[in-house]
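Okay, so here's the structure we're looking at.
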Amino acid sequence: MGIWENEGQDDYMKIREFCQILRNIQYGEADRQTAKTQLNEISEALFLASVNDVQENKEPIKDLAEHMASAVTEFNKSYVFSSAAISSIPSIQALFPLAQSGS
């Protein structure tokens with residue numbers, strides 16, 4: 001089940017689970033409140049890093065979204081986007097230089 005079927009609940013829980021594993025590796029044993037604080041700090045740091053990644057890559061994200069939106073003409077239909085089609089987008093080429101050669 002993907003993000004559209006459950007409004008992202010399962011995805012959120014997986015992310016939270018991975019954050020818990022990271023917290024356990026980084027800090028080990030702790031009382032409940034300390035562990036909760038550490039988990040929140042890790043979650044916030046990862047969220048901010050994600051926001052930064054999106055901001056730094058907004059052009060290729062926008063271009064890819066526009067490419068996909070222009071191809072999608074019907075709901076309830078599956079679409080496949082080849083690596084060649086995606087690699088033809090200039091901002092994707094700039095982000096992944098090897099995409100130009102098809103390597």
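These values consider heavy atoms only, across backbone and side chains, with no hydrogens, waters or symmetry-generated copies.
Summarising the geometry, atom SG belonging to Cys19 is positioned 5.0 Å from atom CG belonging to Leu46; distances are rounded to the nearest 0.5 Å.
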Which donor-acceptor pairs under 3.5 Å do side chains of residues 53-63 form with protein atoms, sequence neighbours excluded?
| from | atom 1 | to | atom 2 | distance (Å) |
| --- | --- | --- | --- | --- |
| Glu56 | OE2 | Asn52 | ND2 | 3.1 |
| Asn57 | ND2 | Asp53 | O | 2.8 |
| Asp63 | OD2 | Ser91 | OG | 2.6 |

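More than 12 heavy atoms of other residues, nucleotides or ligands sit less than 6.0 Å from atom CD of Gln26. Under a cut-off of 6.0 angstrom, the local environment of CZ in Phe18 is sparse, with at most 12 non-hydrogen atoms contributed by other residues, nucleotides or ligands.
The salt bridge (Lys or Arg N to Asp or Glu O under 4.0 Å) pairs that include a residue from residues 12-23 are Lys14-Glu17, where partners are two or more places apart or lie in different chains.
The cluster map of Ile, Leu, Val, Met, Phe, Trp and Tyr, joined by side-chain heavy atoms under 4.5 Å apart, puts Tyr12 and Leu22 in different clusters.
For the pair Ile15 and Phe47, the minimum side-chain heavy-atom distance is 4.5 Å or more. Contact check for Asp31 versus Thr34: side-chain heavy atoms found under the 4.5 Å cut-off.
When each of Glu44, Gln38, Lys36 is tested with Asn40 by the rule side-chain contact (heavy atoms from CB on, under 4.5 Å), just one qualifies, namely Lys36.
Listed here is the closest heavy atom pair of Ile42 and Tyr27: CD1-CE1, 3.9 Å. Residues Ser82 and Ala85 share a closest heavy-atom pair of OG-N, 3.0 Å.
Panel note: side chain Tyr79, backbone Met68; no donor-acceptor pair is recorded below 3.5 Å. With hydrogens and angles ignored, the 3.5 Å screen pairs a side-chain donor or acceptor of Ser43 with a backbone N or O of Leu39.
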